[in-house]
Amino acid sequence: MFSAGQLFSVTLTKPIILTDSPPSKHLRHTRHRQFTTQCTNNLHSATNPFDPAAVAASVKNFTFTGPSKNRTDLQTSCAIISSTIIGKQHDNENRKGIENITVVNAERVLDLELSGNIRKPLTINDMSTSPMHGSEIRVVYQGVPGAYSETAAAKAYPNGEFIPCEQFEQVFQAVELWIADRAVLPLENSLGGSVHRTYDLLLRHRLHIVGEVQLPVRHCLLALPGVNKQDLNRVISHPQALAQCELTLTKLDLKITRESSNSTAGAAELISESNLRNTAAIGSERAAKIYGLNVLVEGIHDDCNNFTRFLMLAREPIIPRIDQPFRTSIVFAHDNGTSVLFKVLSVFAFRNINLTKIESRPHRLRPITIVGSAKRFEYLFYVDFDASMADVRAQNALSDVQEFTTFLRVLGSYPVDMTPLCSSGGD
Ligand SMILES: O=C(O)C(=O)C[C@]1(C(=O)O)C=C[C@@H](O)C=C1
């Protein structure tokens, strides 16, 4: 059984060997200086999307000057940071090899983590409280200004400073390297389903889920001023946005090919930057304003209940509470004993704990087990349930889950987003 002080003890029962220690004060300051110099020149990264004056200023600057060179610098700097880290992880893998790793038990998890593929969560011992640099919280998101992720970040942290990042992996690394204090990433959409990249990276990195935001997503068809629907032969957007508008696009009966891009706003930016008169983007009204595009068709998502659930990640977990609705996210693996999955799920049912999501992902370290001449696929199971880790029922349930599984990690226990359905817009 868990006590309040052991809330995240599932993976923390063993002594922790740090693979990377907290950055020195000097290094932290250097990283912040490099990054902020680039960010302050990048109007968009510091724009609060909920502040009309700031948005207007950024729209004006962006529309007439095109994308700032500093954004490229900033992304290059993100990429350099990533390649250094990935290089380091590969070194670790090569040195240690992954062939010895059989299971992912809380007892043996350190072996796995040292392989560089699944990292243990950061703990209070790893670093002191953030942010270190002043009052404003720096929030990193994947995409460019005008992306829904940026709106989600602003909903979660209205006074934050928002940092765009090209790749998902860089978003995690920006927080781990103290360049940002929080990361905001999409996890699932009510029409398009799960964002698998986020699930996979949650386990490979050491951050904790500290919150969630559910954002209504209103997609529009965007094109350059003067362009009509008949001029189009291509539509570009994030694959999730294309999936969420699939039926409507077909119904519109346009002679267009569909192509994916890194983000909805990135697609709008490309059209604006390259003056693409035969191409439309799927994105928000806000992205249209930022990149000087017209809204050709409004509300092209296939169902009006189009919501994306975003996670907020931090270096440290928050203290779970029981005086407000909390959700807990876990991931586990088992060695395929008889009805293990059923047993694991029933520990929640017996305690009247509502499961809200279950997702399985390939077990990348042991994708297949050979049983005789048959191949059995191996999975990691991600489960969300409606209870706080401060709730004794949840602690007992996880105690039982541990009995049946070979690996268990609590990804976070965090407040449920209770904002009324109509109170915030994704554009
Ligand atoms: O491209 C964007 O604007 C994003 O913020 C990414 C993203 C996603 O990955 O799901 C976020 C919300 C929408 O569901 C569509 C795209």
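Note that the coordinates shown come from a computational prediction; the quantities given were computed from them, not determined experimentally. Both ligands and their constituent atoms are indexed starting at 1 by order of listing.
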| N/O to N/O below 3.5 Å, does that happen between Y148 and ligand 1? | yes

| request: Could you tell me whether D417 and R309 make a salt bridge, using a distance below 4.0 angstrom between a side-chain N and a carboxylate O? | output: no

| Given that the side chain starts at C-beta and the backbone is N, CA, C, O, which of these parts of F310 lies under 4.0 Å from ligand 1, counting heavy atoms, or is it both or neither? | side chain

| Using 4.0 Å as the upper bound for N to carboxylate O, is an ion pair formed by R277 and D231? | no

| field | salt_bridge(R376, E378) N-O dist < 4.0 Å | value | yes

| message | Can you tell whether the side chains of K357 and E188 come within less than 4.0 Å, N to carboxylate O? | response | yes

| note | Counting heavy atoms under 4.0 Å, the part of Q142 that contacts ligand 1 is neither

| Counting each atom of ligand 1 from 1 as listed, which ones have a heavy atom of P186 under 4.0 Å away? | 8 (C), 9 (O), 10 (O)

| query | Does D386 come within less than 4.0 Å of R327, counting only side-chain N to carboxylate O? | reply | yes

| said: Please list, in number order, the atoms of ligand 1 under 4.0 Å from a heavy atom of S263. | reply: 1 (O)

| request: Counting heavy atoms only, name the option from R286, R197, H301, H238 that's nearest to atom 16 (C) of ligand 1. | output: H238

| field | Protein heavy-atom partner closest to atom 14 (O) of ligand 1 - residue, atom, separation in Å | value | T308 OG1, 2.8 Å

| said: Please evaluate residues T279 and R234 with respect to the criterion side-chain hydrogen bond (donor to acceptor under 3.5 Å, both in side chains), reporting the C-alpha separation (whole Å), side-chain torsions for both, the decisive distance (0.1 Å), and the verdict. | reply: CA-CA 5 Å; T279 306; R234 188 167 70 138; 3.2 Å; yes

| said: To check your reading of the model: name the closest protein heavy atom to atom 2 (C) of ligand 1, its residue, and the distance in Å. | reply: T264 OG1, 3.3 Å

| task | Measure up the F381 and H334 rings against each other and bin them: parallel (under 30°), tilted (30 to 60°), perpendicular (over 60°). | result | parallel

| note | A student checking ligand 1 against A147 at a 4.0 Å heavy-atom cut-off should list atoms 2 (C), 3 (O), 5 (O)

| query | Any idea which protein heavy atom is nearest atom 4 (C) of ligand 1, and the distance to it? | reply | S149 OG, 3.6 Å

